[in-house]
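Computed from a prediction, not measured in an experiment: that's the story for all the values here. Lettering follows sequence order; numbering is per chain, from 1.
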Protein chains: 2
Amino acid sequence: MKWQELDAQPCSVARTLSVIGDRWTLLIIRNAFLRTRRFDDFHAQLGITKHVLSSRLKKLVEAGVFEKRAYQEKPARYEYRLTEKGLDLYPIILGLVGWGDKWMDEGKGPPVEYFHKTCNHKTQPTLVCSECHEPLDPREMMAMPGPGLKDVNS
Amino acid sequence: MKWQELDAQPCSVARTLSVIGDRWTLLIIRNAFLRTRRFDDFHAQLGITKHVLSSRLKKLVEAGVFEKRAYQEKPARYEYRLTEKGLDLYPIILGLVGWGDKWMDEGKGPPVEYFHKTCNHKTQPTLVCSECHEPLDPREMMAMPGPGLKDVNS
DNA sequence: TCAGCGGGTTCTAAATTGGAACTTAGCTCG
DNA sequence: CGAGCTAAGTTCCAATTTAGAACCCGCTGA
């Protein structure tokens, strides 16, 4: 399977990965959540080559994750801002953070901690069931074909 | 920055991506959660080349995400099972599913739905604050340096 | 004894990445 | 006036990674 065929699969994981599933993209998005917006800042902070950065930003703008907007004219300068669709990637970033904190911290504790301004506490983001609000365990979940699969295996 | 330097960064996102952050790895893990365990099954289901599959499985076993165990001898046959560390990736997979369901469903509805056996309901996994149990919004969160960062910027 | 299976390895060609140099347009300093 | 600086890229070549197919090995069942 080629990379471009990925978004045609009837699987939300594959479709999501077709947008954000490469080496650099999630690091770019991580920095965007830390308020980085400019080409050169991404370049300097990430150590990514300009070539690759340029192509990823283009792809993410096309995908609707970033919006490219001029923050000045003369000379024209642009910034990249997360759209609503991009902001919705936050749970994925926090999922990555949570796993890294738990399994890759080298015994030193988490490098970054999160504070929830709404309730004024340090928070440990947790994935729960929308119905019973209990934390989810993979062994207690069952995957079933949904409506988006209907016409595929008919 | 090279791929191998990624896990040395004082960032849990980077460290997590050093393990699961490439094209195929998350698809392999997705299928593992759907109970795929054998080399040839991964190969057939994913359309991944054997070369890449072999190298990814090796890497994931080294990282402690999968455990390689013989399920028969004569001839020796192996299966790959998620460890506790691997099972802990579930929130990330569900995060990817959730985003794909919301933004990439092509108007047809989700291809796969999840049923929570504990409470007997179809569920929409949700990321909430561990303290106030409200869903998290990136605009209401603040990232702060944690203990794992101390010695780096001293 | 020979076809088939599970679980790989090896090979070559094509695509992607890294790294450095170059471009473009408008400042700003002397 | 011209030299150098800045932001945001593009172009080029070499090195790495991937795709795809072929091959291998130990064992089995017919």
Basic-acidic side-chain contact under 4.0 Å: A:D40, A:R38: no
Distance, rounded to the nearest Å, where A:L53 contributes CG and C:dT17 contributes P: 13 Å
Rounded distance (Å) that lies between atom P of D:dA7 and atom CD of A:E73: 18 Å
Summary of protein contacts for nucleotides 5-13 of chain C, nucleotide by nucleotide, where a base hit scores B, a sugar-phosphate-only hit scores S (4.0 Å, heavy atoms): BBBBBBB--
Using distance only, find each side-chain donor-acceptor pair of residues 89-103 of chain B under 3.5 Å and give its atom names and separation, not counting sequence neighbours.
unit_1, atom_1, unit_2, atom_2, d
B:W99, NE1, A:K85, O, 3.0
B:D101, OD1, A:S12, OG, 2.4
B:K102, NZ, A:D88, OD2, 2.6
B:W103, NE1, A:D88, OD2, 2.9

Main-chain N/O of B:T123 paired to A:S130 side chain as donor or acceptor, under 3.5 Å: no
Dot-bracket encoding of pairs in DNA chain D, which uses [ ] for pseudoknotted crossings and | for another strand, Watson-Crick or G-U under 3.5 angstrom: ||||||||||||||||||||||||||||||
C:dT17 phosphate, OP1 or OP2, under 4.0 Å from B:R23 side-chain N/O: no
Stacked cation flag B:R37 on B:F42, 6.0 angstrom / 45 deg: no
B:K122 charged N/C atom sitting above B:F115 aromatic ring, 6.0 Å / 45°: no
Donor + acceptor pair across side chains of B:T36, B:Q45 (<3.5 Å): yes
Distance, rounded to the nearest Å, where A:W24 contributes CH2 and C:dT17 contributes P: 11 Å
